[in-house]
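Everything below concerns the one structure shown next.
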Amino acid sequence: MRNQKTDQEIAREEKLKKLMELGINPYPKKFDKTHSVSEIVKEFSNLSHEELEKKEIKVSVPGRIISIRRMGRATFFHIYDGLSKIQGYIKEDIVGKENYKIFDLFDIGDFIGIKGRLFRTKTNELTVLVENFTFLVKSFHPLPEKWHGLQDVEIRYRQRYLDLIVNPEVRKIFDLRSKLIKEIRKFLDGMGYVEVETPMMQPIPGGALARPFETYHNALGINLYLRIAPELYLKRLVVGGYEKVYEINRNFRNEGISSQHNPEFTMLEFYQAYSDYNDLMNLTEEMLSYLAKTLLNTLEVKFKEHTISFKPPFKRIKFKDAIVYHSGLTPSKFDNREEVIKIAKNFETGKEVISYGKALDIIFDKLVKPKLIQPTFVINHPKEISPLSKACPDNPEEVERFELIIGGMEIANAFSELNDPKEQRERFEMQLAEREAGVEEAHLIDEDFLTALEYGMPPTAGEGIGIDRLVMIFANKPSIREVILFPLLRPKTD
RNA sequence: GAGCCGUUAGCUCAGAGGGAGAGCACCGGCCUUUUAAGCCGGGUGUCGCUGGUUCGAGUCCAGCACGGCUCACCA
């Protein structure tokens, strides 16, 4: 990163040299611990000074030194295990003059293992009275400052480990994310779902309207694409007999980056045979309220300046009604294709070719979506923008589809899956026509998928849920980068 | 990809034409229950990079790099 060593880096290297001269292994291979810092805090925080004196609890605990207060022949310091910290107290008359001098060569950031007895200080802080200690590793760089933590978002993302060391609330976000994914698995597994993994590299990218990343396989000599969705593979599995199947994994879309978009993002997709989109709306309400209750212990979740209620049932509104209600477009104008396209073109879209369906989508995104804060199922989209959804029985221009909008963001997208191979082929051909008219994201024809459908896919409903955005809401973070450990940044060149 | 804003010590920041600054961290000294420990002493720097204007640029101008926000694309 830098070529020039700073005074602090030189000082730390010299301390390690001195430690080695004293015969200390600079990179010991293990440390026998009785507890982690967190375990000590959890187990013994309720014990009083007297109880600790009586019980004489001995612990052996490793951690990173995050603060040091030297006071001559005694020193207080804190060690941290990524979750909790505990104070250590080291005194010359206990560890001896030689060892105390060795401890002088330790810096903030170093890892140490300490052994000793638990006690409480005058100010009643649970503390390890150090009897002996083990050097575990040197940190050659100083840690960011303790009061303000690390503020520079660029360093926070590029060197996330520093963010995790000095900003404890960051770890909480990612622990929440981890629990959320675990609970989703628990929820679906409990319903008899089977988790699978389908190709991340696909010869024909499908299942969504987006531009893919391209790559190349040398041995086969073929172009491959990082998947934009697992959809078409999961449906092949439904054809193969999986009645309830899901996948939680990364999707890749070669699109822009924003506070709501990262080029790789985590998606839950699940498919349930013999069901339609109404069943999935119920399931989604159940799942999200379960997650809110389990993870946050409430159904009222604070997000930005809003309080979002995950109490079922969620609001349901037809796509067309939502546009009419929120955009002021009259129902007759809604059906006037030229008019709608004209209105959509008033927005700066950077697109030259806009279909009627796309125009509606643009109007929805601009005028409707930002206004939907409480969980809202927007249902029955136009067929043109839903090439994989089954048409509504009472209206062939609409499909049995819903998008769940929360906090102005699209969180879920689901539909009764089109399982008529002939109609699916026609829809693909319509997409191909759009593609030829210049719509780059239009769907490609996937013959293998059509063949699978020809073998018969039972009536099925399928849904995708954007995990990152869901975490944003549950963690109350307005930027997707705050819920992805290593969001994509442009590589830094010096 | 476009507009606006930002980039000064390891970190957090001040400085807005003329001596490179503060707190924490660090270095030296004192200090055996401290916790933003304290006291004494020390400034450790390619002011993002490259040019330009000027007697003089951290400060003004241009270009570039990276980031943030908004927009575009998208989920």
Side-chain angles (χ1 to χ4, degrees), chain A residues 1-12 14-15 49 66-78 85 87-95 100 107-109 119-125 127 129 139-158 162 166-167 207-211 228-229 251-267 269 347-351 358 361-362 365-366 369 403-405 409-413 439-441 464-470 472 478-481 487 489-494:
Chain A
M1 287 185 76
R2 291 179 303 265
N3 318 323
Q4 214 75 44
K5 281 178 186 158
T6 66
D7 57 330
Q8 305 205 36
E9 289 160 352
I10 293 164
R12 282 160 184 260
E14 266 165 18
K15 284 182 191 174
H49 176 74
I66 54 164
S67 66
I68 299 182
R69 291 174 294 284
R70 300 187 197 272
M71 310 171 47
R73 290 182 190 80
T75 297
F76 286 95
F77 57 97
H78 277 99
K85 58 179 184 174
Q87 185 169 251
Y89 181 39
I90 180 165
K91 292 164 65 168
E92 191 186 84
D93 58 8
I94 291 182
V95 299
Y100 194 75
D107 286 301
I108 292 172
F119 78 110
R120 282 188 186 276
T121 61
K122 273 184 187 167
T123 49
N124 209 34
E125 177 164 351
T127 302
L129 184 62
S139 169
F140 294 111
H141 302 291
L143 290 181
E145 192 226 359
K146 58 185 170 184
W147 301 346
H148 308 88
L150 182 64
Q151 303 293 328
D152 184 324
V153 288
E154 192 173 345
I155 300 176
R156 288 188 47 229
Y157 300 154
R158 287 190 198 279
L162 288 179
V166 298
N167 296 329
L209 308 178
R211 284 151 68 192
I228 54 176
N251 288 348
F252 308 86
R253 299 193 183 170
N254 207 341
E255 313 278 0
I257 295 173
S258 80
S259 59
Q260 290 177 36
H261 302 85
N262 195 61
E264 53 178 309
F265 62 101
T266 300
M267 182 90 129
E269 275 203 21
F347 297 102
E348 298 282 321
T349 63
K351 275 193 187 294
K358 185 67 206 171
D361 217 25
I362 289 167
D365 276 358
K366 297 291 163 200
K369 207 192 269 180
E403 288 182 291
L404 176 62
I405 313 294
M409 293 188 291
E410 183 184 337
I411 298 296
N413 183 20
V439 181
E440 258 182 282
E441 311 77 49
I465 293 182
I467 297 299
D468 312 273
R469 289 180 180 175
L470 196 57
M472 284 169 68
S479 168
I480 201 167
R481 294 183 201 88
L489 299 180
R490 195 183 293 274
K492 196 144 192 169
T493 50
D494 283 318

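Computed from heavy atoms alone, side chains included, the values below leave out hydrogens, waters and symmetry copies. Order of the sequence lines fixes the chain letters, A, B, ..., with proteins taken first and strands second; residue numbering starts at 1 for each chain.
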Check your understanding: Atom CG of A/D152 and atom P of B/G10: how far apart are they, to the nearest Å?
Key -> 13 Å

**Study point:** Nucleotide forming a Watson-Crick or wobble pair with B/C69, both distances under 3.5 Å
**Key:** B/G3

Exercise for review: With heavy atoms under 4.0 Å as the rule, sort A/F119 into base, sugar-phosphate or nothing.
Suggested key: base

**Study point:** Any strand: nucleotide that pairs with B/A9 via Watson-Crick or wobble, under 3.5 Å
**Key:** none

Check your understanding: Touch check for A/G149, heavy atoms < 4.0 angstrom, all strands: base, sugar-phosphate only, or nothing?
Key -> sugar-phosphate

Review point. Side chains of A/I480 and A/Q260: does their closest heavy-atom pair fall under 4.5 Å?
Key: no

Revision key, fill the gap. From the candidates B/G68, B/G10, B/A75, the one with an atom nearest any side-chain atom of A/P142 is B/G10

Practice item. Return the value, rounded to whole Å, for the distance between atom CD of A/Q151 and atom P of B/C13. Key: 5 Å

Review point. When rounded to the nearest Å, what value does the distance between P atoms of B/G17 and B/G6 take?
Key: 15 Å

Check your understanding: In Watson-Crick or G-U wobble terms, both distances under 3.5 Å, what is the partner of B/G56?
Key -> none

Point to revise | Nearest-Å distance for atom pair NZ/P, residues A/K122 and B/U32 | key: 13 Å

Point to revise | Nucleotide of B/U34, B/C26, B/C66 approaching A/I108 most closely (side-chain heavy atoms) | key: B/C26

Check your understanding: Under a 3.5 Å cut-off for both distances, is B/C64 Watson-Crick or wobble paired, and to whom?
Key -> B/G48

**Study point:** Nucleotide of B/U12, B/U34, B/A75 approaching A/M71 most closely (side-chain heavy atoms)
**Key:** B/U34

Exercise for review: Taking atom P in both B/C5 and B/U12, compute the distance separating them and give it to the nearest angstrom.
Suggested key: 22 Å

Review point. Out of B/A75, B/C69, B/C26, which has the shortest distance to the side chain of A/D7?
Key: B/C26

Review point. Counting side-chain heavy atoms from C-beta on, which of B/A65, B/C26, B/U32 comes nearest to A/R73?
Key: B/U32

Exercise for review: Identify the heavy atoms of A/K91 and A/Y100 that sit nearest to each other, and give their distance.
Suggested key: C-CD1, 4.1 Å

Review point. Quick one: is B/G67 close enough that its OP1 or OP2 comes under 4.0 Å of any side-chain N or O from A/R158?
Key: yes

Practice item. For B/C47 and B/U59, measure between their P atoms and round to the nearest Å. Key: 10 Å

Check your understanding: In whole angstroms, how far is the P atom of B/U32 from the CG atom of A/D93?
Key -> 10 Å

Practice item. Report the distance from atom NE2 of A/H78 to atom P of B/A37, rounded to the nearest whole Å. Key: 10 Å

Point to revise | Separation between the P atoms of B/C11 and B/G52, rounded to whole Å | key: 30 Å

Point to revise | C1' gap between B/G45 and B/A14, integer Å | key: 16 Å

**Study point:** Residue mapping more 5' on RNA chain B - nearest nucleotide basis, A/A208 or A/N124
**Key:** A/N124

Review point. Between the base of B/A25 and the side chain of A/E145, is there a donor-acceptor distance below 3.5 Å?
Key: no

Review point. Looking at B/U44, does its base get a donor-acceptor pair with the side chain of A/T6 below 3.5 Å?
Key: no

Check your understanding: Across all strands shown, which nucleotide pairs with B/A20 by Watson-Crick or G-U wobble geometry, both distances under 3.5 Å?
Key -> none

Check your understanding: Any side-chain heavy-atom pair from A/K5 and A/F140 closer than 4.5 angstrom?
Key -> no

Practice item. Answer yes or no: does a side-chain N or O of A/R70 lie under 4.0 Å from OP1 or OP2 of B/U34? Key: no

Exercise for review: Could you tell me whether the side chain of A/H78 reaches within less than 4.5 Å of the side chain of A/R69, counting heavy atoms only?
Suggested key: yes

Check your understanding: Between B/U12, B/U70, B/C24, which one does the side chain of A/L150 approach most closely?
Key -> B/U12

Study note, to complete from the structure: Considering only heavy side-chain atoms of A/L489, the closest of B/C73, B/G67, B/G10 is B/G67

Check your understanding: With centres under 5.5 Å and planes under 30° as the test, does A/F76 stack with B/A37?
Key -> no

**Study point:** Nucleotide nearest A/E125 (side chain, heavy atoms from C-beta), chosen from B/C11, B/U34, B/A75
**Key:** B/U34

Check your understanding: Just how far, in rounded Å, is C1' of B/G68 from CZ of A/R481?
Key -> 8 Å

Revision key, fill the gap. Per atom distances to the A/V153 side chain, the nearest of B/A75, B/G67, B/G10 is B/G67

Check your understanding: What nucleic acid atoms does A/R120 come within less than 4.0 Å of, heavy atoms only: base, sugar-phosphate, or nothing?
Key -> nothing

Review point. Say you pick atom C1' in B/G10 and the same atom in B/A25; how far apart are they, in whole Å?
Key: 7 Å

Check your understanding: Side chains of A/P142 and A/R12: closer than 4.5 Å at any heavy-atom pair?
Key -> yes

Review point. Given atom CG of A/N251 and atom P of B/C73, what is their separation to the nearest angstrom?
Key: 21 Å

Review point. Which part of the nucleic acid, if any, lies within contact of A/I155, taking any heavy atom under 4.0 Å across all strands shown: a base, the sugar-phosphate backbone alone, or nothing?
Key: sugar-phosphate

**Study point:** B/G28 and B/C49, which share atom name P, separated by this distance in whole Å
**Key:** 31 Å

Review point. Which whole-number value in Å describes the distance from A/K15 NZ to B/C26 P?
Key: 7 Å

Practice item. Could you measure between the two P atoms, the one in B/G15 and the one in B/G67, and give it in whole Å? Key: 26 Å

Check your understanding: B/C11 phosphate, OP1 or OP2: any side-chain N/O from A/K146 under 4.0 angstrom?
Key -> no

Point to revise | CE on A/M409 to CG on A/L404, rounded to 0.5 Å | key: 10.5 Å

**Study point:** Closest nucleotide among B/C24, B/C27, B/G67 to the A/D107 side chain
**Key:** B/C27

Point to revise | Whether A/F119 and A/Y89 hold their rings parallel, tilted or perpendicular, with breakpoints at 30° and 60° | key: tilted

Review point. Are A/R469 and B/A75 close enough that a side-chain N or O sits under 4.0 Å from OP1 or OP2?
Key: no

Review point. Within less than 4.0 Å of OP1 or OP2 of B/G67, is there a side-chain N or O belonging to A/R156?
Key: no

Check your understanding: Taking the chi torsion of B/A25, is it syn (within 90° of 0) or anti (everything else)?
Key -> anti

Review point. A/R69 side chain N/O closer than 4.0 Å to the phosphate oxygens (OP1, OP2) of B/U34?
Key: no

Check your understanding: Side chain of A/Q87, base of B/U34: donor and acceptor closer than 3.5 Å?
Key -> yes

